[in-house]
Amino acid sequence: MLQRLFKFKGGVKPATNKAPSVQAPLRIAPIPPLLVVPLHQSIGGQPTPLVEVGDRVLKGQPIGAADKWVSAAVHAPTSGTVIAVEERVAAHPSGLLTLSVVIEPDGQDEWIERHSLDHASLEPERVREILRDSGVVGLGGAVFPSHVKLTPAASVPMDELVINGAECEPFMTCDDLLMRERAEGIVRGVAIFRDLLRPKRVLIGIEDNKPEAVATMQAAVEALGENFEVVAVPTRYPAGGAKQLIRVLTGKEVPASKRSPEMGVQCFNVATAYSAWRAIAFGEPVISRIVTLTGNVEQPGNWEILLGTPMQEVIALAGPKADTNRFVMGGPMMGFDLPDLSAPVVKATNCIIAGSPTLFPPPAPEMPCIRCGACALACPHELQPFELYWFSRSRNFGKAQEYNLFDCIECGCCSYVCPSHIPLVQYFRFAKSEIWSRERDKNMADAAKARFEFRNERDEREKAEKAERLAKAAAAKAAEKKPDLPQAAPEPVETPTVDAEAAKKAAIAAAMERARLQREAAQPKNTDGLTIAQRKEIAEIEKRRAPLQAQQQAKPNAEGVQTQNSPKDQQ
Amino acid sequence: MDFITPPYLTQNVSVRRVMLQVLAALIPGIATYAWLLGPAVLVQIAIATATALLAEAAMLKLQDKPLGPFLGDGSAIVTAWLIALAFPPLAPWWLIVVGTAFAIVVAKHLYGGLGQNPFNPAMIAFAVCIVSFPALMSQWPPVNAQATFVDQLVLVFGQGPRLDALSGATPLDTLKTALKLGEGSTSVATVTADAAVFGRIAGHGWEWVAAGYLLGGIWLWGRKVIGWHVSMSFLAGMTIISGALWLWNPAHFANPLFHLFSGGSMLGAFFIVTDPVSGCTTPRGKLIFGFSAGLLAYLIRVFGGYPDGVAFAVLLLNLCVPIIDLYTQPPIFGMKK
Amino acid sequence: MNTQAKPITATRMAARTAVILFIFVAIFTALLSGAYLWTRPSIEAAAADEKMKLIDEVLPRSLYDNALLKDFIRLPPTPALGLDESSAIYRARRGGKIEALVLETVAPDGYAGKIRLLVALGADGTLIGVRAIAHRETPGLGDYIEPKKDRNKDRPWITQFNGLNPAATEEREWKVRKDGGRFDSVAGATVTPRAVIKAVRKAALYVEENREQLFASR
Amino acid sequence: MTHYLFIIIGAVLVNNVVLVKILGLCPFMGVSKKLDTAFGMGAATTFVLTVATGASYVIDHLLLAPFGLEYLRTLSFIVTIAAVVQLTEMVIQKTSPLLHQVLGIYLPLITTNCAVLGVPLLNVANKYNFLESLVFGAASAIGFSMVLILFAGIRERVDGADVPVPFRGVAISMVTAGLMSLAFMGFAGLDKYQ
Amino acid sequence: MLTAILIMALGAIVLGSALGYASIKFKVEGNPLVEKIEAILPQTQCGQCGYPGCKPYAEAIAEGEADINKCPPGGMEGVRKLADLLGREVKPLDAEEKPKQLAIIDEQLCIGCTLCIQACPVDAIVGAAKQMHTVVESLCTGCELCVKPCPVECIRMEPIAEKIDNWKWKYPVFEIKPATRAA
Amino acid sequence: MTRDEFRQIAANGLWKQNTSLVQILGLCPLLAVTTNLVNGVMLSLATIIVMAVSGVAVASLRNLIPHEIRIPVFILIVASLVTVVDLLFNANLHQLYLVLGIFIPLIVTNCIVLARVEAYANKNPPLQSLFDGVFMGTGMLWTLALLGGLRELIGNGTLFSGIDMVIPGLHPLQLLPANYPGFLLAMLPPGAFIVLGCLIAWKNWIEARAAARRQRRTPEPVAAGGCH
Ligand SMILES: Cc1cc2nc3c(=O)[nH]c(=O)nc-3n(C[C@H](O)[C@H](O)[C@H](O)COP(=O)(O)O)c2cc1C
Ligand SMILES: Cc1cc2nc3c(=O)[nH]c(=O)nc-3n(C[C@H](O)[C@H](O)[C@H](O)COP(=O)(O)O)c2cc1C
Ligand SMILES: Cc1cc2nc3c(=O)[nH]c(=O)nc-3n(C[C@H](O)[C@H](O)[C@H](O)COP(=O)(O)O)c2cc1C
Ligand SMILES: Cc1cc2nc3c(=O)[nH]c(=O)nc-3n(C[C@H](O)[C@H](O)[C@H](O)CO)c2cc1C
Ligand code: SF4
Ligand code: SF4
Ligand code: SF4
Ligand code: SF4
Ligand code: FES
C-alpha cells in the first residue's frame with residue numbers, strides 16, 4: 001500500500017546491532033525459584049496489596065489492585081505462596097526499594113479461572129475496566145496504563161491509530177520477534193483498540209530494517225481481513241518515539257503541551273496490543289513479557305519472562321561473557337545501568353544488554369560545550385540542547401524551562417553527537433527532577449504558610465477569648481464572698497488555673513531531670529519529691545519504654561549514622 | 001565499573017577532531033601566504049602557537065584544571081593561528097605575544113576557558129593590538145618587496161630601524177588613504193591601476209591568499225564542520241553594501257570583488273565569523289550575525305578609522321549574540337505556526 | 001519622621017515644602033554666589049595665564065611689548081581658517097608697530113577630526129611658531145604634532161614651520177616628503193601632518209590676502 | 001538632516017555615553033544583571049534624559065545665560081532633574097501602576113546617574129541648539145539603553161560560565177564591559193566621514 | 001548675587017510646591033516587594049533568620065535592613081533567588097546548609113505535655129494533653145522549633161529518607177573539574 | 001564617639017565597604033579620570049572635601065529637612081559644595097581643571113556622595129558623618145590612585161605625569177625603559193574597565209584567602225572555598 005511518509009527533523013543512525021538477537025526464535029523462560037513482583041509497575045497510582053504473607057496465590061491472581069483511574073493492577077505470575085510483602089530493590093536507576101510481593105512458586109503453574117470474552121459484545125467502558133484489571137500498560141517503555149489512552153477525546157474525532165512496531169533502539173528486538181511470531185495476536189489486539197477508539201485509519205509503523213516483521217504483519221493483516229496499513233518507515237533513531245512515529249506516518253506534530261488524542265491520533269506499542277488481546281480473548285492478565293537479552297553474552301536472544309523474575313536469573317539464560325562489567329536495562333540510548341541484579345523484571349523491562357568496556361567504552365572526558373550546534377541538529381524535538389545544558393549546569397532552572405526543558409524526551413540523540421562528550425541527557429534529567437522537587441517544596445511552603453497564618457489567627461482569637469474568660473472569672477470571683485484555699489482542691493491537675501500550670505512546670509522540670517540522667521546512662525529512679533500523679537505517669541512511661549530500650553540497644557547509635565551532608569547531595 | 005551515563009553509544013567525534021580539521025583547512029591559505037610573502041608568517045604562527053599553549057597551560061594550572069584534555073583540544077592553536085594570520089607578517093615578535101596572551105588569558109580563560117567566552121579571542125587580540133599599537137599594526141609589507149628570510153627575521157626579532165623598510169600599507173588602506181587625500185580628484189580606477197599593489201582583483205598576492213582561505217572554507221563546509229549560514233550571509237552582507245555603493249558611485253567605491261578578496265574578508269567569512277563559541281547558534285541568528293558582520297566590516301573599513309573592519313564587526317556582533325539568539329529561537333517540535 | 005498625626009492638605013503641604021526649599025536654596029545660592037565672586041578674579045587671571053602660556057609657545061615675549069591679550073581683532077566665523085565660530089586675532093606690537101599676529105586655525109581633516117592650531121606670523125609673512133592646541137589624533141601615532149609627545153625632543157616636528165614664508169615658497173614644497181614636499185613625517189602616520197601643513201599654509205595665505213585689514217593699526 | 005544623523009551616530013555608537021564617555025556606569029553595572037530590568041532601566045533613563053536635556057537647555061538659556069549666572073549650572077540643572085524625577089515617580093506610581101512597575105523602581109536611581117547631568121553639560125560644551133540638544137540627549141539615552149541591554153544579555157550568559165572564583169560577579173562584568181568598550185572603538189571615525 | 005538668589009528662589013518655590021503637593025496627592029501605601037520576597041522564603045517560619053517568621057524577615061529585607069543570606073532553610077538557592085530579585089550580589093549563606101529534615105517524636109517517651117504543639121508554627125503535631133503526640137509527616141517543615149521545648153527530649157530530627165517518589169537524578173559528575181569545586 | 005566606632009568607620013571606608021571595589025559606586029570618575037595617578041588623586045581629594053562637608057552639613061540639618069524634599073535638598077547641598085570646589089579648582093589649578101573637565105561637576109551625581117549622605121549622614125550625628133565622609137573618600141582615593149598608577153604605568157611607563165600641574169617644578173617618573181612602546185589600551189576606556197575588574201578580583205582573592213585561613217584555624221574540617 002502506498003503511504004506518503006513525512007520526516008521528522010534530527011535523529012541519529014547508530015549501528016543497530018540487532019542481528020545477534022534475532023537468530024534464535026522466541027523462547028519461554030523457566031519459572032525462577034523466587035518471584036519479586038513490585039506493586040508499582042506503571043505510571044499513576046500505587047496499587048494496594050491484595051495479599052498477605054502466607055497466602056497461596058494462583059497464576060494470574062490479582063495481588064495489587066489499581067487504586068484509581070490512572071493506575072493498573074498487578075498479578076501473580078505463577079502459583080505459589082506469598083512469603084513476604086515488603087520493600088525490595090526496584091528495577092530503577094536509583095536502586096531504591098519499592099513495595100513488592102515476594103512469591104515462592106510451587107511449580108504447578110496453576111491458573112486462576114479465566115474467561116474468554118469477545119470485546120465486540122462488551123460495553124467499551126467494560127473493556128477498559130478489564131484492561132485495567134488485567135494490568136495492561138504500555139509495553140513500549142512508558143508503562144502508561146493503556147485503558148486511559150484508549151479513552152478518545154470528547155471533542156476531537158480520532159483520525160489515526162498508530163501502532164508502534166518501529167523498535168528504533170539499537171540491540172533491541174523484542175517487538176521484532178513478537179511481530180514475526182505472533183503477528184495475528186497483535187493484529188487482533190489492534191482491532192480491539194480500533195473498536196475502542198474508532199479511528200479513520202490504522203497505521204502500523206515498522207522500521208525498514210525489519211523486512212520479515214513487515215511481511216508477517218502484512219500477511220496477518222490480510223489474513224484477518226483488516227484494512228490496517230503496514231508501513232515501513234525509514235530507520236532512524238528515534239523513529240519509534242510516539243511523537244516521531246506519529247509525525248512520520250501522519251504528518252502531525254504533537255507538542256508537549258498536548259496529548260495526542262487532542263490531535264486525533266493515538267499510539268500503541270505492538271506488544272501492548274498483543275497483551276490486550278490476551279487479556280480480553282483469554283482472560284490472561286499481563287504476567288510476563290518478552291525481553292531481549294543481548295550484548296556481551298554467549299546466547300543472545302528473546303525470552304518470554306515472568307514479571308518478577310530477578311535479573312540474575314534472566315541474565316543466566318543468556319550466559320554473560322567474562323568481561324561483562326555492566327547490565328543495562330532498556331536500549332543503549334535510553335536505558336540505565338541496573339544498580340542491583342536482584343531487581344526483578346517488570347513491565348517496562350524490554351531489553352537487558354550485557355555491557356563490556358569494548359561494547360560500551362567509557363567516554364572521553366567531558367569537555368565544555370563549544371556551542372557547535374550538532375546537538376540541536378540531532379534533536380528530534382528541535383530543542384536547543386546546548387542552551388538547556390548551559391542553564392541546567394548552572395542550575396538556572398527557570399531559564400532552562402524557558403528553553404522548553406520539559407519537551408525533551410530524553411532520547412539521547414544530543415549526547416550521541418556531542419563532540420564534547422557531554423552527558424546532556426543526564427543534565428536534563430537532573431534539572432527536571434530538581435524542578436519537580438522545587439515544585440513539591442513550593443507546594444509545601446504554600447501549605448505551611450497557610451497553616452502558619454491560620455494558626456496565628458487562632459492564637460490571637462484564643463488569646464482574646466482567654467482574656468475575656470479571665471476577666472469574667474475574676475469578676476465572678478470577686479462576686480464570691482471569700483477567697484477559699486485553692487490548694488485544697490482534690491485534684492490540682494484538673495483545675496484550669498495557675499496551679500495547673502505550676503504543676504505542669506514541675507512535671508516538666510522533673511522530666512527534664514530524668515532525661516538528663518538518662519542521657520548520662522544512669523537509670524532514672526530519683527522520683528523523690530514528686531506528686532503521686534507524676535509518679536504514676538512515670539511508671540507508665542517506664543512500662544512503655546522497656547521494650548523500646550531493648551530495641552534501641554540493638555540498633556547502633558542512630559544519630560551517628562545520619563550524616564550532615566550525604567555524598568549524593570554533592571555534585 | 002566505569003561510570004557511564006546513557007546513552008551508552010556515542011559518535012566518534014571530539015572537540016580535538018573539530019579543531020584539527022579547522023587547522024587543516026587553514027593550510028592552503030597559509031601555504032599561499034608563505035609562498036607569496038615569505039616564510040615570516042610561519043615564524044609568527046610558531047610564536048603565536050607557543051604563546052597560546054603556554055598561556056593556556058598557565059591559566060589551567062592556576063585554576064587547578066587538568067592540562068591534558070584542554071591543551072590537547074587544539075582550540076588554543078586555532079586561536080593562535082588566526083591571530084598570526086590577522087597580524088601583519090612582519091610585526092615584532094612581542095606584538096604577537098602580547099596579543100595572543102591577552103586573547104587566551106583575558107578573552108578566554110577569565111570566562112572559564114573553552115566554550116564559555118562571549119568574545120572571539122583572536123579578534124580581541126587583533127583589536128587590542130590595533131588600538132594600542134596602531135602604527136605597528138598597519139605596516140604591511142608589499143608583496144613585491146622581496147625581503148629575504150633573514151631580513152624578515154631581523155624585522156620580527158630585531159630592534160632595527162623597521163619603519164621605513166615597511167612603509168607599505170594594505171591595498172585597502174592604500175585605497176582609502178588615496179581617496180581621502182584625493183578629495184574627489186582621483187577615482188578608484190586610477191588608484192587601483194597600479195597592478196604591483198592591487199593585482200587583478202584585490203591586492204597583488206593577497207587575492208591568492210584569500211582564494212586559499214576560500215578553498216579551505218569550502219572543504220570545512222563539506223566536512224560539515226561549519227554550516228553555510230554565517231559564511232554565506234557574511235559574504236552576502238559585504239557584497240550587497242559594497243555592490244550598492246559601487247553601482248551608485250564607481251569612482252569612489254571599489255567593486256564587491258575587491259572587498260571580498262581583500263583584507264580579512266575570506267578569512268573572516270570561513271574561519272572567524274564561524275567561531276561556534278562566540279557566534280549565534282540559531283539558524284536565523286546565524287544569518288543575522290553573518291549579514292550584519294559583513295555589513296559592519298565594510299562600513300568600518302570604508303568609512304571608519306581602522307584599515308580593516310572584520311575584527312571590530314565580529315566583536316560588535318559578539319556583543320549582540322545573546323540578544324539575537326534570544327529573539328530567534330526556532331519553534332520547537334509541535335509548536336510551529 | 002513624618003508622623004501621620006493629622007492629614008495635611010496638599011496645598012498646605014505644597015506651601016510648606018516650597019518655603020523650606022526656598023530657604024535652603026536662598027542660603028546655598030548665597031554661599032555659592034559669594035564663592036563665585038570671591039574666586040572670579042583669580043579664575044580670570046588663571047584663564048589669561050593659560051592663554052599667555054600658549055601664546056608664549058608660538059611667539060617669544062621678546063618680540064613685543066604690548067598687552068597682547070587686550071589688542072585683538074574679532075573675526076567672524078571664517079571658513080578659510082576652518083573656523084565656524086568667531087575668534088580673535090592678537091596683534092603683537094613693539095613700539096606701537098604691529099610685529100606679528102597670533103591667530104587660531106583649524107585643520108578639519110586630521111586623522112581623528114579637527115586639529116586646532118595656534119599660528120604666529122611675522123609682519124613679513126614668515127611663520128614664527130605653530131602649536132596644536134586641541135586635537136584627537138591617535139596617541140602614540142599622530143600626536144607627535146604636540147612637542148610634548150614628540151619623540152624627537154631636539155627638533156620637534158612642529159618646529160619645521162618656523163621661519164618659513166608660505167607666500168614665498170612654492171606650493172609643491174608644502175607637502176610631506178613622501179608626497180614630494182619638504183616636510184618630514186613619521187611613517188605610518190602621514191594623514192595628520194598633511195592636514196596640519198595644509199591648514200598652516202591656508203592660514204598664512206589668508207593673512208596675506210587680508211593684510212590690509214589685519215595690519216591696519218587702529 | 002545628515003547633521004542630525006551624524007549627531008545620532010556619534011552619540012549612540014562612536015561616542016557612546018557609557019563605553020566611550022564613561023558616564024552612567026553605576027546603573028550600567030548595577031541594573032544589568034537581568035535583561036528585564038535592563039529594559040526597564042533603559043526606558044526610564046531614556047525618558048528622564050530627554051526631559052533633562054530639554055529642561056536644562058531652557059534653564060540655561062532663559063534663566064542663567066541672560067544674567068551671566070553660568071556658574072549656577074550644575075546646581076540648577078541637578079536640582080531640577082532631581083525634582084522632575086521625583087515628581088515623575090510619584091505621578092506614575094499613582095496614575096499608572098503598570099508603568100510604575102516597569103519604570104518605577106529605577107527612577108530614584110537615575111538622579112545619581114552621571115549621564116543625566118553629564119549629557120546636559122556636554123550639550124552646553126558642544127554649544128548645541130535646542131533641537132540638537134534634544135536629539136543629542138535622546139540619542140545618548142538610546143546609546144545608554146542599547147549597551148545596557150546588550151550587556152545584560154552577555155551577563156546572563158556569563159552567569160553560567162565557570163569564571164575563575166575571584167572574578168565571579170562584578171569583576172568579570174567589568175572585564176566584559178572593557179571588551180565591549182574595545183569593540184565600540186571600532187566605530188571610531190564613523191561619525192565624521194563626509 | 002541678588003539675581004542669582006532670586007532666580008534660584010523662583011525655581012525653588014515652583015519645584016518645592018510641586019513636590020509638596022505631589023507628596024500628598026500621590027501617596028501610596030504598601031510595598032509589593034515584600035510579597036515577592038516572601039514568595040521566595042521557604043515559609044518554614046523557623047526564625048533562624050533572627051526574625052519572628054518569614055514575613056518579618058521579608059519586610060526587613062525590603063527595608064534594606066537585613067542581608068539576604070540569613071535564611072538557612074532557604075539555602076543557597078534562596079539566596080540566589082533573592083539576589084536575582086533584588087539585583088544584589090549573591091553571598092554565601094550565613095549558616096551551614098542542612099539537608100531537609102523531619103521531626104520524629106519518640107512516642108514511647110512522649111509525656112504528652114503539649115509544649116511541642118504550642119511550639120510548632122504550622123500545626124504539624126497532633127495529640128491531646130497527656131497523650132502521645134505524633135508529627136504529621138506531610139505537614140512538618142523541619143524547622144526544629146519543637147525540639148528545644150520538649151522536656152524529655154523525645155523529639156529528634158531526621159533527614160527525609162530518599163524514596164523512589166522523591167528520588168532525584170544527581171548532577172552529572174564533571175570529570176575534568178578539580179575536586180575543590182565540588183561544593 | 002568610641003574608638004571602636006571610629007575603627008569601624010575607618011575599616012568600612014577603606015576596605016570592607018570600599019566604594020569602588022565593593023559597593024561599585026562612583027564608577028564614572030573612577031574610570032574616566034584615572035588615566036594617570038595625579039588626576040585620580042586630585043579628583044579624589046575634591047570628592048573627599050565634598051563628602052566630608054556635605055556629611056556634616058546634612059547630619060546637622062537633618063532634623064530640619066522634611067522627608068518629601070530630602071533628596072532635592074541633599075542634592076542642593078552637595079551641588080553647592082561641588083560648585084565651590086569647581087570654582088576653587090578653576091582658580092588655583094587651572095590646567096588640571098581643564099583636564100578633569102566635566103568630572104568635577106559630576107561629583108554631584110557621583111553615586112557615593114549621595115548614597116553616603118542618604119544612608120549615613122541622614123541617620124548619624126555630624127562627627128561620625130564627617131569621619132564617614134573622609135574615610136569613604138579615602139577608600140576611593142587609594143583605589144583611584146592605584147588604578148591611575150597602574151594604568152599610567154602600563155599604558156605609558158611613567159608615574160606622576162601631570163604632577164607639574166599641581167606642584168610646579170616636579171617631574172614625572174619614567175619607570176619603564178624609555179623605548180617602552182606604551183600599552184595604549186590601558187589608558188583608554190577598555191583598559192580602565194579591565195584593570196578595575198582585575199583590582200576587584202584581587203580584593204576577592206585576598207578576602208577568600210583570609211577566609212580560608214580563618215577557617216583552617218578553626219577545628220572544623222570544612223573544605224576551603226576553591227581559591228588559589
Ligand atoms: C497525568 C497523565 C495523564 C495522561 N493522560 C493521558 C490520556 O488521557 N490519554 C493518553 O493517550 N495519554 C495520556 N497520558 C500519557 C502521555 O501523554 C503519553 O501519551 C504516554 O505517556 C505515552 O508516551 P510515550 O510516547 O513517551 O511512551 C497521560 C500522562 C500523564 C502523566
Ligand atoms: C526516544 C524514544 C524512543 C522510543 N522508541 C520506541 C520504540 O522503538 N518502540 C516502541 O514501541 N515505543 C518506543 N517508545 C515509546 C513510545 O514513545 C510510546 O510510549 C509507545 O509507542 C506508546 O505505546 P505504549 O503505550 O503501548 O507503550 C519510544 C519512546 C521514546 C521517547
Ligand atoms: C588605529 C589607527 C590610528 C591611526 N591614527 C593615525 C593618526 O592619528 N594620524 C595619522 O596620520 N595616521 C594614523 N593612522 C594611519 C593611517 O590610517 C594611514 O595608514 C597612514 O596615515 C598612512 O600613512 P603612510 O602614508 O605613511 O603610510 C592610524 C591608523 C590606525 C589603524
Ligand atoms: C569553525 C571554527 C572557527 C573558529 N574560529 C575561531 C576564531 O575566529 N577565533 C578564535 O579565537 N577561535 C576560533 N575557533 C576556536 C575555538 O572555538 C575558540 O578558541 C573558542 O572561542 C575558545 O573558547 C574556531 C573553531 C572552529 C571550530
Ligand atoms: S553537541 Fe555538545 S558541544 Fe556541540 S553544542 Fe551541543 S552540547 Fe555543545
Ligand atoms: S534528549 Fe532531549 S534535548 Fe536531547 S535530543 Fe533528545 S529530545 Fe532533544
Ligand atoms: S529562617 Fe527562613 S524559613 Fe526560617 S523564619 Fe526566617 S525566613 Fe522563614
Ligand atoms: S513538627 Fe517540629 S520540626 Fe516539624 S514543623 Fe512542627 S515544630 Fe517544625
Ligand atoms: S558615578 Fe555613578 S553613575 Fe557615574
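We name chains A, B, ... by the order of the sequence lines, and we start the count at 1 in each one.
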Query raised in the report: Does a side-chain heavy-atom distance below 4.5 Å link A:V417 with B:V13?
Result: no

Query - Region of A:E387 in contact with chain B, defined by heavy-atom distances below 4.5 Å - result: side chain

Report summary line: Cut-off 4.5 Å, heavy atoms of chain B, and the answer for A:V12 is neither

Query raised in the report: If we only count heavy atoms from C-beta on, is the A:L377 to B:K224 side-chain gap below 4.5 Å?
Result: no

Report task. Measure the spacing between SG of A:C372 and CD1 of B:I226 and express it to the nearest 0.5 Å. Result -> 13.5 Å

Query - By side chain to side chain contact (heavy atoms under 4.5 Å, CB included) - contacts of A:K321 (at least two apart) - result: A:N296, A:E298, A:D323, A:T324

**Report entry** Heavy-atom proximity to chain B below 4.5 Å, by part of A:C418
**Finding:** backbone

Query raised in the report: Side chains of A:E253 and B:P331: closer than 4.5 Å at any heavy-atom pair?
Result: no

Query raised in the report: Would you say the side chain of A:H421 lies within less than 4.5 Å of the side chain of B:S14, judging by non-hydrogen atoms?
Result: yes

Requested in this report: For A:R371 and B:G115, work out which heavy atoms get closest and say how close.
Outcome: CD-O, 4.2 Å

Query - Check: B:Q11 and A:P14 side chains under 4.5 Å, non-hydrogen atoms - result: no

**Report entry** Minimum heavy-atom distance between A:F386 and B:T281, given as atom pair plus value
**Finding:** CZ-CB, 3.2 Å

Report summary line: Most heavy-atom pairs under 4.5 Å with chain A, out of B:G334, B:G112, B:S278, belong to B:G334

Query raised in the report: Atom CG of A:D407 and atom CE of B:M335: how far apart are they, to the nearest 0.5 Å?
Result: 6.0 Å

Requested in this report: Hey, could you give me the NZ/CZ distance between A:K243 and B:F333, rounded to the nearest 0.5 Å?
Outcome: 7.5 Å

Query raised in the report: Which answer fits A:H381, side chain, backbone, both or neither, if we ask what part of it has an atom under 4.5 Å from a heavy atom of chain B?
Result: both

Query - Side chain proximity check, A:R326 to B:Y8, heavy atoms < 4.5 angstrom - result: yes

Query raised in the report: What's the shortest heavy-atom distance between B:P6 and A:V425, and which atoms?
Result: O-CB, 4.5 Å

Query raised in the report: Side chains of A:P170 and B:L9: does their closest heavy-atom pair fall under 4.5 Å?
Result: yes

